[in-house]
Amino acid sequence: MTETQTPRRPMIEAVGLSKFYGPFAAARDVTFSVGEGELVAFLGPNGAGKSTTMKMLTGYIAASEGTARIAGHNMMEDRIEGSRHLGYLPENGPLYPEMTPLTMLEFFADARGMSKAMKKDRIEKVVDICDLSSVLYKAVSKLSKGFKQRVGMSQALLHEPDVLILDEPTAGLDPNQIRGVRATMKRLSETKTILLSTHILQEVEAMADRVVMINEGRVVYDGDVTKLREIGSGDLDNAFHTLTTSS
Ligand SMILES: Nc1ncnc2c1ncn2[C@@H]1O[C@H](COP(=O)(O)OP(=O)(O)OP(=O)(O)O)[C@@H](O)[C@H]1O
């Protein structure tokens, strides 16, 4: 950042977050922040602690140590206010298999206390953004993985949050579905702050302003994609390998 640029307002903050399961640390002293309007990729091998960190950031699980803040709100002390700003797509989607996408969105809109008019308007908008009109009346259990992912995304966007935490939004999708989800995320990144976990390095190249990498529960890299590539002598796969196998 040059001296003339104003620092971005931090919208997602992990401050010394740790999560212990007995003696095992799933996350240890994780500290990073995502500024307003940034799209940050959260990278790491299987079991590195990405989902655990995201769950602490969203207030879904309590941290053993440290603080999580969304739009300045401590997610343990002020979760309701923080959650107003936050859309969260968990790893396996918050899906109710016997509901249809429409009944599920209505259910979430009611749970958020939306007025009738607001509910209609917001459901129409997220159905459009996530391209769900063809499956609105089908049971979620009968939908393809790609559509299930989009239903999860529509739920995350329903209350028009300005911060999105998306846990592997493209995992298990075919290349066409990945294209669709990436295009949606790219559009959303024009107006929102996004933290997105992924294993796919092309996704990082295509979309992210910055990368936070985690390995064995600890942050091992926080910086831009260009510097990350330099660590791998010009290759992101190499950089990933170097940073996640040397500890
Ligand atoms: N409830 C739990 N009890 C015990 N260990 C857990 C629990 N939840 C997660 N872990 C462990 O914590 C570590 C981090 O898991 P986490 O799901 O955060 O990793 P991840 O980086 O999201 O992995 P993946 O890319 O495979 O989704 C793993 O070793 C996991 O087995």
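Ligands are counted one by one from 1 in listed order, and the atoms in each one are counted from 1 as well. Here the structure is a predicted model, which means the values were calculated and not measured.
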Top protein contact for [atom], by heavy-atom distance:
atom: atom 28 (C) of ligand 1; result: Gly47 O, 3.8 Å
atom: atom 30 (C) of ligand 1; result: Phe24 CE2, 4.7 Å
atom: atom 9 (C) of ligand 1; result: Tyr21 CE1, 4.0 Å
atom: atom 17 (O) of ligand 1; result: Ser51 CB, 3.7 Å
atom: atom 25 (O) of ligand 1; result: Lys50 NZ, 2.8 Å

Any chain of hydrophobic side-chain contacts (each under 4.5 Å) joining Phe20 to Ile214?
-> no
Do Gln177 side-chain atoms and Asp174 backbone N/O form a donor-acceptor pair below 3.5 Å?
-> yes
Is the shortest distance from atom 22 (O) of ligand 1 to a protein heavy atom below 4.0 Å?
-> yes
Heavy-atom protein neighbour under 4.0 angstrom from atom 6 (C) of ligand 1 = yes
May I ask you to test the His159-Val126 pair for a side-chain heavy-atom distance under 4.5 Å?
-> no
State, with a plain yes or no, whether a side-chain heavy atom of Met11 is found less than 4.5 Å away from one of Glu38.
-> no
Who passes side chain to side chain contact (heavy atoms under 4.5 Å, CB included) against Glu124, sequence neighbours left out?
->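 With neighbours one apart ignored, the set is Lys120.
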Between [X] and [Y] (salt bridge meaning N to carboxylate O under 4.0 Å), is one present in this structure?
X: Glu81; Y: Arg84; result: yes
X: Lys119; Y: Glu106; result: no
X: Arg229; Y: Asp235; result: no

Short list, please: which atoms of ligand 1 are under 4.0 Å from a heavy atom of [X]?
X: His199; result: 25 (O)
X: Pro45; result: 21 (O)
X: Asn46; result: 23 (O), 24 (P), 25 (O), 26 (O)
X: Glu91; result: 27 (O)
X: Thr52; result: 14 (C), 15 (O), 16 (P), 18 (O)
X: Ala48; result: 19 (O), 20 (P), 21 (O)

Go through the side-chain N and O atoms of Glu203 and Thr170 and say whether any donor and acceptor fall under 3.5 Å apart.
->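 A donor-acceptor contact under 3.5 Å links the two side chains.
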Is the closest N or O pair between Gly44 and ligand 1 shorter than 3.5 Å?
->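 No, no N or O pair falls under 3.5 Å.
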